[in-house]
Amino acid sequence: MTLLKTSKLGIMFGGLRAVSNLNLEISSGELVGLIGPNGAGKTTAFNLLTGVYQPTEGTIEFDGDSIVGLKPYQVTQRGIARTFQNIRLFSDLSVLDNVKIAYHFHVKYGLLETVVRMGRYYPEEEELEHKAIQFLKIFNLDGKKDEIAKNLPYGEQRRLEIARALAAQPKLLLLDEPAAGMNPQETHQLMEMIRWIRKEFDLTILLIEHDMSLVMGVCERIYVLDYGMVIATGTPQEIKNNPKVIEAYLGEEVQ
Amino acid sequence: MRVKAKRDLLSLGACLLLYAIIQLLIEVDVIGQFWVLNIVLIGINIILGVSLNLINGFTGQFSIGHAGFMAVGAYVGAVMTVKLHLPFIVAILAGAAGAGILGFAIGLPTLRLSGDYLAIATLGLGEIIRITILNIPYVGGASGLMGIPRLTNFTWVFFATVFTVFFIKNFINSSHGRACISVRENEIAAEAMGVDTTKYKVMAFTIGAAFAGVAGALFAHYFYIVHPASFTFMKSFDLLTIVVLGGLGSITGSITAAILLTFVSAALAGYPEMRMVIYSLMLIGLMLFRPQGLFGNKEISLKFFNRLKGGSPRDAA
Ligand SMILES: Nc1ncnc2c1ncn2[C@@H]1O[C@H](COP(=O)(O)OP(=O)(O)O)[C@@H](O)[C@H]1O
Ligand SMILES: [Mg+2]
């Protein structure tokens, strides 16, 4: 079943066509990579999918409905969560609170129940705390739940950002360069984790990555973007041997 | 019973005890008129400081016209008792509603824009409210609205203050409050986590404005008269000082700063020109030595003291 489908998606910044004629089609449960040289338009594509930018042309269908024109929070509530290329945590808050906020829109208690602390307030808060800790356990961060997010080591901040995105309970997870700044060992662990969360949470994942070993190792299908356009798509094997891709990376080794 | 629910009841009990002690001391005249005046002012300033902190400290929006909402509460409240002869509680609620509705009306268009539109809008708003009042003869114009019954007393102020603090504390420690804080922390990430940032900015701003209205109604009914000159930009600046001094994002910080500044202000009552000098020096000193305010974004609580004694930090839920 197709979960995400874009057709002729594009955006102009002034005279610059950052993304044009982008046709993505991703089925439920797939793990797809989006690669391309710096400035190719990968992050912009994510921003279009999540409502941060409004496309100047084209359509986006998610789970059967058009999501063009929705605000980012509405897109998230429909079931697309993301991480950012340059980590965006709630940096002065505890690790636990970071995850709790992602769970926010599932909470049902109203303002009155909040203020008088009756009705659903305590039961839901307890459930929320329990769930948030479960998420942290999965990511091996439960021991640090009371630490301030910005004090975590870099690799753990990346992990927390993924945990937080998952706590929003998405159907589609978008990861923007999750391995950026990680050493090979951390990258390897991340690969394992991405595989595992996809299975565990029944997720569909679209990931942008610079680290070729990660993309080639973990993705089943890859789109290659250059100057805002898809220049190749296929399995990692096909991409590796595609002359256009090799050319786009201009000597950057694709392996 | 839940530990946390028990803790709520315990703090309410402590408040009742504090009320009983102070009320007793007032009854037997140990606390005289002068101190009652200052206690009333402290309560009003706590309401103003904590409600402004919800907007500026917790939600990260920069409002600099809080005195305007206080003015609306004061005038709407006074009209209820003086002109319409309604009970005091109606005056307080009407003051809150008037200020809250105005806050909503100002917040909705300005807070959906990103950037510092709110600061500019609230700065202008405070002055517009003041000048509007000056030109309405029904409420006394420039000479002020007179003949307001003194209905505010220690009891009203105390319970209004406790109500405000608990309301805002409970709000902050909920999913709604965390949504507000996430806006302050990182608006883009908050949206990406499904938080309707405009809604929560407007919500915080409206609640903050409504409580400023409560403070205004209490203020009007203590001094027999309300006057547009009581709600100038200088008053908004005083309130901003309370929030910044106590720490953006600390309720107990705002309470402490409100108490401190009310005393400073009382001590300097005879030298009005010195007051601004001292306030300014204090703020400069603060920026140099403790830019995060006295408490930063931390709260003082029993658990905090436990931690100082080496207790488990995890109790600080
Ligand atoms: N908000 C913006 N305004 C103008 N240009 C932008 C904006 N966002 C991205 N761009 C441009 O679009 C192109 C693609 O950027 P981006 O999507 O970040 O590339 P990458 O593939 O490295 O993630 C770049 O040339 C960038 O400068
Ligand atoms: Mg990018």
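Throughout, protein chains are lettered first and strands after them, A, B, ... in sequence-line order, and every chain is numbered starting at 1. Everything numeric here is computed off the predicted structure, so don't read it as measured data.
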(request) Tell me, out of A:Pro72, A:Gly51, A:Ala81, who's got the most heavy-atom pairs with chain B below 4.5 Å. (result) A:Pro72
(message) With heavy-atom distances below 4.5 Å as the criterion, would you say the side chains of B:Asn186 and A:Leu89 are in contact?
(response) no
(message) What's the separation between atom OG in B:Ser174 and atom CD in A:Glu124, rounded to the nearest 0.5 Å?
(response) 11.0 Å
(request) Sort A:Leu111 into side chain, backbone, both or neither according to what part of it lies under 4.5 angstrom from a heavy atom of chain B. (result) both
(request) Decide yes or no for A:Tyr122 and B:Asp8: does some side-chain heavy atom of the first lie under 4.5 Å from some side-chain heavy atom of the second? (result) yes
(request) For residues A:Tyr103 and B:Met193, determine if any side-chain heavy atom of one lies less than 4.5 Å from a side-chain heavy atom of the other. (result) no
(message) What part of B:Tyr200 gets within 4.5 angstrom of chain A, counting heavy atoms only: side chain, backbone, both, or neither?
(response) side chain
(message) Please give me the minimum heavy-atom distance between A:Thr76 and B:Ala192, naming the atom from each residue.
(response) OG1-O, 2.9 Å
(request) Would you please test A:Val115 and B:Phe167 for side chain to side chain contact (heavy atoms under 4.5 Å, CB included) and show each step? (result) CA-CA 5 Å; A:Val115 170; B:Phe167 188 109; 3.2 Å; yes
(request) Go through the atoms of A:Ser91 and report whether side chain, backbone, both or neither lie under 4.5 Å from a heavy atom of chain B. (result) both
(request) Pick whichever of A:Thr83, A:Val52, A:Val107, A:Thr50 has the most heavy-atom pairs under 4.5 Å with chain B. (result) A:Val107
(request) State whether the number of non-hydrogen atoms from other residues, nucleotides or ligands found under 6.0 Å of A:Phe139 atom CZ is greater than 12. (result) yes
(message) If we define contacts as heavy-atom pairs under 4.5 Å, which of A:Pro170, A:Ala168, A:Pro123 has the most with chain B?
(response) A:Pro123
(message) With rounding to the nearest 0.5 angstrom, report the CZ to CD distance, A:Arg88 to B:Glu185.
(response) 13.0 Å
(message) For B:Arg290, I'd like to know if atom CZ has over 12 heavy atoms of other residues, nucleotides or ligands within 6.0 Å.
(response) yes
(message) I want to check something: taking the side chain as every heavy atom from C-beta on, are A:Phe90 and B:Arg178 in contact at a cut-off of under 4.5 Å?
(response) no
(request) With a 4.5 angstrom heavy-atom cut-off, could you sort out which part of A:Gln74 is near chain B: side chain, backbone, both or neither? (result) neither
(request) Answer with side chain, backbone, both or neither: which region of A:Arg164 has an atom nearer than 4.5 Å to a non-hydrogen atom of chain B? (result) both
(request) Determine the minimum heavy-atom distance between A:His104 and B:Ser175, stating which atoms define it. (result) ND1-OG, 3.3 Å
(message) If you count heavy atoms of other groups shown closer than 6.0 angstrom to NZ of A:Lys5, is the number above 12?
(response) no
(request) Tell me, for B:Ile188 versus chain A, whether the close heavy atoms (under 4.5 Å) come from the side chain, the backbone, both or neither. (result) both
(message) Any non-hydrogen side-chain atom of B:Asn170 less than 4.5 Å from a side-chain atom of A:Glu113?
(response) no
(request) Rounded to the nearest 0.5 Å, what's the gap from CD1 on B:Ile181 to CD1 on A:Ile101? Could you check? (result) 7.0 Å
(request) Keeping to residues at least two apart or across chains, list the salt bridge (Lys or Arg N to Asp or Glu O under 4.0 Å) pairs with something in residues 191-207 of chain B. (result) B:Glu187-B:Lys201
(message) Would you say that more than 12 heavy atoms from the other residues, nucleotides or ligands in this model lie under 6.0 Å from the CE of A:Met12, or not?
(response) yes
